[in-house]
Amino acid sequence: AWLRAGGVLVWWPRDASAARDSSGTPRPALLAWDDDAAIGHFAPLGVTLPAGTVVARWGDGTPAVTESALGSGCLRTVAASIPVQ
């Protein structure tokens, strides 16, 4: 009810190993949205993003975050991991 009444829910699953290469070293990656960007130790998660507005993209242009309307609110799904230190 809160979400449909205008709230925003961010679903960001965790994968502790996704942002590291086979040697265990973090990999840098680019996430971009609007006129902003972030470079960090992000990696794609193995989740399927729901249909919706693309909010952020990987450096190669593929979607990293989508937003889907639910009533007056929205659900944002993040398919990017950050390493757990």
Side-chain angles (χ1 to χ4, degrees):
W2 167 82
L3 184 60
R4 293 186 185 281
V8 176
L9 175 66
V10 176
W11 183 62
W12 193 332
R14 185 179 116 174
D15 181 353
S17 64
R20 296 182 178 272
D21 66 19
S22 60
S23 71
T25 304
R27 296 178 300 205
L30 171 72
L31 281 174
W33 60 98
D34 298 325
D35 292 333
D36 299 313
I39 298 174
H41 298 282
F42 309 111
L45 290 175
V47 299
T48 301
L49 288 168
T53 303
V54 177
V55 177
R57 295 182 180 275
W58 293 105
D60 66 3
T62 58
V65 181
T66 60
E67 179 176 287
S68 306
L70 289 172
S72 296
C74 69
L75 169 65
R76 290 186 187 140
T77 305
V78 180
S81 71
I82 47 178
V84 175
Q85 299 297 338

*Asks:* Run the side-chain donor-acceptor check on residues 69-78: report pairs under 3.5 Å with partners two or more places apart or on a different chain.
*Replies:*
unit_1, atom_1, unit_2, atom_2, d
R76, NE, E67, OE1, 2.5
R76, NH2, E67, OE1, 3.0

*Asks:* Tell me, please, which residues at least two apart from T62 pass side chain to side chain donor-acceptor pair (under 3.5 Å).
*Replies:* D60
*Asks:* Closest approach of W58 and A64, non-hydrogen atoms and distance?
*Replies:*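 Heavy atoms only, the tightest pair is NE1-CB, 3.5 Å.
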*Asks:* To check you understand the geometry: which heavy-atom pair defines the closest contact between A51 and S68, and what is its length?
*Replies:*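 For A51 and S68, the tightest heavy-atom pair comes out as O-OG, 2.8 Å.
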*Asks:* Do V65 and W12 share a hydrophobic cluster, counting only Ile, Leu, Val, Met, Phe, Trp and Tyr and linking them when any side-chain heavy atoms are less than 4.5 Å apart?
*Replies:*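 Per the 4.5 Å side-chain linkage, V65 and W12 are co-clustered.
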*Asks:* Please confirm whether the backbone N or O of L49 pairs with a side-chain atom of T66, one donor and one acceptor, at under 3.5 Å?
*Replies:*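 Checked: no pair found.
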